[in-house]
Amino acid sequence: MESSPNSSHSFKIIWTLAFAMVISVMNSTMFNVALPVLRQEFGLTSSEVSWVVTAYIIVYAVGSVTYGKLADRFPLKNLITAGLVLFAAGSLLGLFSTSYWMIIAGRILQSMGASVIPASSMLIPMRYIPGEKRGRALGITSAGMALGTAIGPIIAGFIIGLVSWRFLFLISLLVLLSLPLFRRHLPEESSQPGRTDLAGGLLLAAGIALLLLSITQRSWALFGLTLAVFALFYLRIHRTADPFVSPGIFRNAKYTAGLIIGCMILTLNLCVPYLVPQMLSSVNGLSSMETGVVMFPGALLAALLGLVGGRIADSKGNRFLAACALLLQAASYLLLSTFTGASPLLIAVLLILTNTGLTFAQIGMAGTVSRTLTGRQTGVGMGIYMMASFITGAVGTTLIGAVLDGGSSASSLNPMYQGQGGGAFSSVFLIFAAWIIGFVALYFTVFRQGREKPVGAG
């Protein structure tokens with residue numbers, strides 16, 4: 001049986017988790033800024049230096065579902081402790097690295113540990129926060145993610161310009177400040193009996209890694225190998241007594257529907273941050289620092305409004321919050337499509353609507369999906385949700401890259417667009433508007449009005 005912390009400790013855990021989330025997200029976004037410097041210092045090609053980010057992404061995706069599975073059997077306190085220690089070890093290796101491959105090893109070790117944080121960001125609210133307050137908890141952790149996204153590139157630019165890229169690894173060590181708080185406020189739990197399906201876990205990890213590699217490398221051969229590995233994984237989970245992922249979880253119709261709809265909606269949470277900097281650079285002609293200044297207000301206000309979004313979910317329900325997310329995103333995408341290439345000030349204002357809508361969608365979908373799971377399915381179920389959301393986002397960014405490679409100055413699909421040179425960006429934003437409207441409409445069809453049963457109740 002799980003034990004819950006008392007009410008005075010519950011939100012101390014959530015705020016601790018939000019701090020860890022800030023550092024985790026910063027650790028991802030900061031190194032995007034460092035890539036040009038690393039390429040020049042070590043004499044690398046663009047494809048070689050991209051592994052500083054790609055290696056982190058692959059392990060992060062695999063780790064999110066692995067920690068989710070392990071959390072169904074082992075105490076979450078111990079898993080978080082192990083993860084943060086690995087995160088810190090990778091940061092130290094990167095800080096004192098003398099070669100490019102030491103940096104890669106440090107990033108992989110960082111990611112092996114850091115991936116416990118997104119898994120925990122779903123599990124801790126589900127396990128230790130009452131259903132009527134869970135929206136507030138998810139709002140706080142989503143605010144941490146938005147804040148890390150906002151300040152990561154700016155802090156990275158400042159540190160790289162003032163001292164060295166090595167000190168980005170030093171910033172990541174700040175995550176250790178959260179460890180004693182997790183140890184103090186998370187309850188003691190006992191391990192659950194059972195065996196861990198290592199073969200199934202390895203097949204899933206290999207399949208995810210190959211899928212992301214086939215996407216980033218745009219390789220049909222790797223994609224074919226991906227399908228073969230996932231076929232073996234399918235056979236494994238249907239033939240072993242205690243599989244890494246129980247096939248029964250997908251017989252939960254509400255969970256499966258929420259998983260698919262949530263991934264389709266949340267893919268824009270990766271696609272928009274990927275698209276906007278390229279638009280500001282190629283259409284508006286802004287430098288990296290100027291782009292950061294334009295994007296910062298929207299990300300910062302989205303972090304603050306995420307706290308409001310959580311309270312809205314608690315008081316009005318996830319459906320109401322999803323409606324708010326739909327209105328904010330659809331309106332902002334239509335306006336961005338129409339005014340692509342407009343003044344940076346107008347773009348900065350529109351990004352406030354965009355980022356707030358993205359944050360609201362994240363809170364609402366997490367709350368909806370979490371309520372479809374019970375018992376030992378919760379950890380792996382939410383881990384799969386996080387992993388799948390990430391993979392769909394990676395696919396989306398790759399498709400956007402292909403569209404832009406075809407010519408960013410192509411004519412726009414939006415008849416109201418009157419700008420010059422940004423037609424492809426305008427078209428993509430118009431597609432975003434149609435995309436979000438379509439899948440939120442599907443969400444309202446599947447998750448009809450009615451109060452959902454809190455996780456673990458009854």
Side-chain angles (χ1 to χ4, degrees), residues 29 142-143 145-147 149-154 265-306 308-309 312 321-364 393 396-397 400 403-404 408-440:
T29 60
S142 296
M145 180 177 293
L147 183 60
T149 301
I151 65 177
I154 293 176
I265 290 175
L266 296 184
T267 187
L268 298 185
N269 286 51
L270 286 181
C271 291
V272 172
Y274 170 80
L275 181 65
V276 170
Q278 297 190 65
M279 178 192 72
L280 292 172
S281 174
S282 62
V283 181
N284 294 84
L286 302 186
S287 66
S288 297
M289 184 58 69
E290 290 169 335
T291 296
V293 170
V294 171
M295 296 181 67
F296 178 74
L300 180 61
L301 286 174
L304 298 175
L305 291 172
V308 178
I312 292 174
L321 190 63
C324 293
L326 164 66
L327 291 173
L328 289 169
Q329 288 193 58
S332 64
Y333 297 147
L334 288 172
L335 290 169
L336 284 168
S337 174
T338 302
F339 297 105
T340 299
S343 74
L345 179 60
L346 176 60
I347 300 299
V349 172
L350 294 179
L351 289 178
I352 295 173
L353 301 178
T354 303
N355 290 333
T356 302
L358 292 171
T359 302
F360 281 7
Q362 181 177 316
I363 298 167
T397 56
I400 292 171
V403 170
L404 297 181
S408 60
S409 59
S411 58
S412 174
L413 298 175
N414 185 347
M416 295 184 292
Y417 177 63
Q418 302 296 324
Q420 299 292 327
F425 291 98
S426 174
S427 295
V428 172
F429 280 120
L430 187 64
I431 292 170
F432 282 180
W435 181 274
I436 196 68
I437 291 171
F439 279 103
V440 173

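In this chain, numbering begins with 1 at the start of the sequence shown. It should be emphasised that the depicted structure is a prediction, and the values quoted were computed from it without experimental measurement.
- You'll find the side chain of P344 reaches within 4.5 Å of the side chain of L286, heavy atoms only.
- Taking CG of L305 as the reference point, atom SG of C324 lies at 11.5 Å (rounded to 0.5 Å).
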Side chains of residues 346-354: which donor-acceptor partners sit under 3.5 Å, not counting sequence neighbours?
residue, atom, partner, partner atom, Å
T354, OG1, S332, OG, 3.0
T354, OG1, L350, O, 3.1

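- Expressed to the nearest 0.5 Å, how far CG of L336 lies from CD of Q329 amounts to 11.0 Å.
- Side-chain polar atoms of S142 and T359 form no donor-acceptor pair below 3.5 angstrom.
- Across all non-hydrogen atoms, the minimal contact from A302 to T356 is CB-N, 3.8 Å.
- Between L326 and I436 the shortest heavy-atom distance is CD1-O, 4.0 Å.
- Put simply, the side chain of V272 reaches to within 4.5 Å of the side chain of Y333, judged on heavy atoms.
- Between the side chains of T338 and N414, at least one donor N or O lies within less than 3.5 Å of an accepting N or O.
- The distance from the CD1 atom of I400 to the CZ atom of F425 is 10.0 Å, given to the nearest 0.5 Å.
- In this structure, M295 and P277 have side chains that are in contact, with non-hydrogen atoms separated by less than 4.5 Å.
- Taking the side chain as every heavy atom from C-beta outward, F429 and M279 approach each other to under 4.5 Å.
- Atom-to-atom distance recorded for L334:CG and M416:CE is 6.5 Å, nearest 0.5 angstrom.
- Between W435 and F439, the ring planes lie tilted relative to each other; the angle falls in the 30° to 60° range.
- Between C271 and G393 the shortest heavy-atom distance is SG-O, 4.1 Å.
- For the side chain to side chain contact (heavy atoms under 4.5 Å, CB included) test, residues two or more places apart in sequence or in another chain that qualify with L147 are V22, I151, L300, A303.
- Of all non-hydrogen atoms in S427 and S412, the two that sit nearest each other are OG-CA, 3.3 Å.
- Put simply, OG on S426 and CD1 on I431 are 10.0 Å apart, with the number rounded to the nearest 0.5 Å.
- In this structure, the side chains of S337 and Y417 stay at 4.5 Å or more apart for every pair of heavy atoms.
- In this structure the side chain of F432 reaches within 4.5 angstrom of the side chain of L275, judged on heavy atoms.
- Annotation for I265 and A361: closest pair CG2-CB, 4.0 Å, computed over non-hydrogen atoms.
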